[in-house]
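Written below as structure tokens is the structure these notes are about.
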Amino acid sequence: MYMTAREQKLLKHLLLLNRYVTVTELAEVMEVSTRTIHRELKSIKRLMETVGLKLDKQPGKGLKVLGNPEDKQKLITELSHEQHEYSADERKLLILCSLLESQEPVKLYTLAHDLQVTNATVSYDLDELEKWISPFGLTLIRKRGFGIQLMGPENAKRKIVGNLIVNRLDIQMFLEAVELNIKGKADSSEKMFGVVSKGELLKMERILFQLKEKIAFSLSDSSYIALVVHLTFAIERIKLGETISMEESELDELKSAKEYSSALEIAGELERAFGVTIPEAEVGYITIHLRSANRKYKTEYRAQEIELETALQTKRLIAFISDKIRMDLTKNYSLYEGLIAHLEPAISRMKENIDIYNPLKEQIKRDYFLLYMAIEEGVEKFFPDMSFSDDEIAFIVLHFGSALEIKKEEAKVRALVVCSSGIGSSKMLASRLKKELPEIESFDMSSLIELKDRDTQAYDMIVSTVPIPYQNIDYIMVSPLLNEEDANQVKQYIKRKIPLILEKKRSPKEETRQADIPDMLATAESVGRYMAVIQDVLRHFSLTEMKTKPDHGELLFELFQQLKNDGLIRDPKKAADCLAEREKQGGLGIPGTNMALYHLKNDHIVLPFFKMYDLSTSFEVNGMDGNTLSMTRILVMMAPATLSAEGSEVLSAISSAIIESGESMAGFQEEGERELYQRLNRIFFNWMKEKNIP
């Protein structure tokens with residue numbers, strides 16, 4: 001039974017628990033991300049089924065192993081005798097890391113002992129490793145009594161760190177290892193994957209993160225981490241006296257590149273931080289990595305910075321593929337932008353013989369076989385001097401595939417956005433979705449309670465900020481602020497759902513027509529409900545200073561006691577308990593601020609209101625992005641359970657406005673009561689104009 005060490009630890013933890021456990025809790029125990037837990041659970045589930053056990057999943061409750069106690073104990077015993085084994089690729093990477101790190105030959109038996117395998121296995125791994133490294137101009141010296149030593153120019157050793165180590169290692173695992181193994185631990189001299197010091201790696205990451213805005217480069221997550229590793233490795237090699245060389249003509253060409261000034265800025269900061277002198281060739285090396293790195297999705301390029309030839313080739317490629325698939329994509333500027341963002345660094349990579357690894361390559365070939373063949377033909381035709389690898393072509397296929405799926409019959413998605421109250425984070429999420437995913441045509445908001453009475457089949461997709469406890473509801477759960485990972489998950493979710501959405505739209509529907517003149521009585525009643533809630537909010541709005549004690553539970557009770565004194569709630573304890581439960585479902589802190597949005601809708605609340613409190617004591621609370629933040633200002637938005645749909649819209653307008661811009665977030669964070677009242681006034685005025693409410 002082969003299992004990784006992490007899979008063994010996760011499985012043992014699940015077997016020992018006799019209760020349901022959430023993925024978030026498992027992630028905390030394992031010190032990894034929730035995404036990693038989901039990935040590990042797939043293989044664990046298959047293994048359990050082979051021994052008669054079942055992994056039960058209950059929405060809102062979590063996961064639990066079901067089965068005979070004897071079978072559970074038997075599996076636990078087997079796990080206790082299991083030893084961690086490395087895969088063949090992992091062994092080769094670890095051997096390579098050892099050879100890169102060592103200044104002296106490494107003995108064969110030392111490698112075998114460290115990897116817990118035989119000498120013969122290491123010898124076979126070395127044969128395979130030689131095939132890996134030969135394209136980089138590196139060789140292995142293998143002599144009896146001498147050992148094994150990696151030979152070749154410094155430039156090649158630097159390049160192989162990026163091409164093999166960074167591309168073949170799981171970036172998510174890498175980030176977890178950095179963040180979770182370094183923070184709060186004294187020994188930061190340990191080598192990360194045997195190549196770079198953990199402490200130096202974290203130091204490098206912080207320096208580059210601080211420089212991101214200043215030098216205006218916007219890299220994808222994988223390219224950013226790759227740059228961190230490359231530069232940390234480079235600094236360590238420079239300290240050992242190992243520097244790279246570069247032809248004068250090549251360096252002169254790099255000096256004219258738009259990335260060179262950013263590379264100079266980075267080099268200067270690294271010299272100050274690490275106490276080294278960075279020669280011009282190293283600055284050229286940094287420039288190459290910036291030119292070759294993938295940009296973030298939808299990175300904006302100024303027209304004067306785009307190579308004209310690349311722009312023309314890209315447009316011709318789009319026209320060629322449009323003709324091949326008989327679907328016009330030439331006016332899809334988003335596709336053009338995305339391709340430019342990928343092709344410019346891709347061309348730089350090919351010129352520098354830098355590979356890129358695409359873990360989804362084989363799946364892309366299967367899912368988009370005809371499109372893959374067309375693009376393979378297209379890049380050969382319009383980029384004749386470039387040799388595109390299968391991995392590069394697969395990335396280009398994804399850009400076209402995404403545009404193609406949305407283009408099909410102009411499918412427009414109707415979404416339902418759910419949060420526990422229906423008045424807070426749901427509107428925040430809808431605002432983010434609207435910005436990030438234009439293919440979603442319309443949004444409705446719902447609380448968990450209201451969801452029971454909704455016709456969920458009327459929606460193409462359901463996106464929720466909290467677990468949905470009801471059965472037979474297909475939904476995707478994300479953060480209210482929709483980070484980059486969430487946005488990508490939703491895009492993939494839509495992609496999978498497109499065939500079903502199109503089929504639904506093709507189904508014959510009974511034509512309905514609204515009367516030209518609406519029912520004015522119903523309209524007047526609806527407008528009245530809007531106005532009543534606006535009046536309640538503005539009449540009861542205040543910003544109050546609150547002397548607090550360090551206990552979070554006491555803070556909630558004190559807050560609700562004040563609200564009872566104001567006549568806004570009935571039972572402080574029950575309301576505080578409800579909010580505490582809500583807080584367990586997902587963070588309420590607004591990332592990048594000192595604020596939290598406490599929103600609630602239930603029977604203990606008398607009328608809709610919005611109040612703010614400045615606290616004398618700061619509190620560590622969970623943010624909507626899963627990280628903690630220091631809260632000193634609370635935004636309280638609450639309403640009765642019987643609040644009308646119009647009332648929910650009014651309160652949602654506030655939560656949406658809070659995060660609509662940096663200026664708005666700063667205003668809610670810093671302004672006084674008078675300015676905030678005027679801000680609310682403007683929000684309602686502009687919202688009514690949009691709604692065409694007189």
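What you are looking at is a predicted structure, and each value in this text was computed from that prediction instead of being measured.
- Separating the CG atom in L26 from the CG atom in L63 is a distance of 6.5 Å, to the nearest 0.5 Å.
- Between the CG atom in L231 and the CD atom in E269 there is a gap of 12.5 Å [rounded to 0.5 Å].
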Item to check | Test log, rule side-chain contact (heavy atoms from CB on, under 4.5 Å), inputs I440 and M461 | outcome: CA-CA 9 Å; I440 302 181; M461 67 181 300; 4.2 Å; yes
Next on the checklist: Using the rule given for side-chain contact (heavy atoms from CB on, under 4.5 Å), can you reason through T22 versus E25, listing the C-alpha separation, both sets of side-chain angles and the distance that settles it, and then say yes or no?
Outcome noted: CA-CA 5 Å; T22 65; E25 184 181 336; 3.4 Å; yes
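- Ring pair F320/F382 is perpendicular by interplanar angle, where above 60° counts as perpendicular and below 30° as parallel.
- Side-chain contact between V397 and K365: absent, with no pair of heavy atoms (C-beta onward) separated by less than 4.5 Å.
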Item to check | Working for side-chain contact (heavy atoms from CB on, under 4.5 Å), residues M48 and I44 | outcome: CA-CA 6 Å; M48 286 193 299; I44 287 173; 4.1 Å; yes
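- Counting heavy atoms from C-beta on, the side chains of H342 and E392 come closer than 4.5 Å.
- For Y260, the side-chain hydrogen bond (donor to acceptor under 3.5 Å, both in side chains) criterion is met by no residue, not counting sequence neighbours.
- For V283 against A267, the heavy-atom pair with the smallest separation is CG2-CB, 3.8 Å.
- Shown here is K45, whose NZ atom has no more than 12 heavy atoms of other residues, nucleotides or ligands within 6.0 Å.
- Here N332 contributes atom CG and S322 contributes atom OG; the two are 9.0 Å apart, rounded to the nearest 0.5 Å.
- Between L329 and F400 there is a side-chain heavy-atom pair separated by less than 4.5 Å.
- Formation of a donor-acceptor pair under 3.5 Å by the Q313 side chain with backbone atoms of F383 is not found in this model.
- The closest side-chain heavy-atom distance from V418 to V463 is not below 4.5 Å.
- Considering CE of M350 and CZ of F388, their distance stands at 3.5 Å, rounded to 0.5 Å.
- Once rounded to the nearest 0.5 Å, the distance linking CD1 of I37 with CG of L10 reads 5.0 Å.
- Looking at every heavy atom in both residues, Y475 comes nearest to I468 through OH-N, 3.2 Å.
- Across all their heavy atoms, G623 and L629 have their closest contact at CA-CD2, 4.2 Å.
- Y470 is not listed as a side-chain neighbour of T456, based on a closest heavy-atom distance of 4.5 Å or more.
- In this structure the side chain of T465 never reaches within 4.5 angstrom of the side chain of M477, judged on heavy atoms.
- Annotation: E49, atom CD; neighbour count of heavy atoms from other residues, nucleotides and ligands within 6.0 Å is above 12.
- Across L451 and S446, no two heavy atoms sit closer than the pair N-OG, 3.5 Å.
- Distance check: I393 CD1 to L398 CG gives 12.5 Å after rounding to the nearest 0.5 Å.
- In this structure, the side chains of I473 and I462 come closer than 4.5 Å at one or more pairs of heavy atoms.
- Here the side chains of E377 and K324 are in contact, with some heavy-atom distance below 4.5 Å.
- What you find for M665 and P591 is that their closest heavy atoms are CE-O, 3.6 Å.
- In plain terms, the two heavy atoms of I375 and I396 that are nearest each other are CG2-CG2, 3.7 Å.
- Legend: residues meeting side-chain contact (heavy atoms from CB on, under 4.5 Å) with D444, ordered by chain and number and at least two apart, are R414, L416, R454, Y459.
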Checklist entry - Yes or no on side-chain contact (heavy atoms from CB on, under 4.5 Å) for M386 and V379, after CA distance, side-chain angles and deciding distance? => result CA-CA 8 Å; M386 297 292 146; V379 294; over 6 Å; no
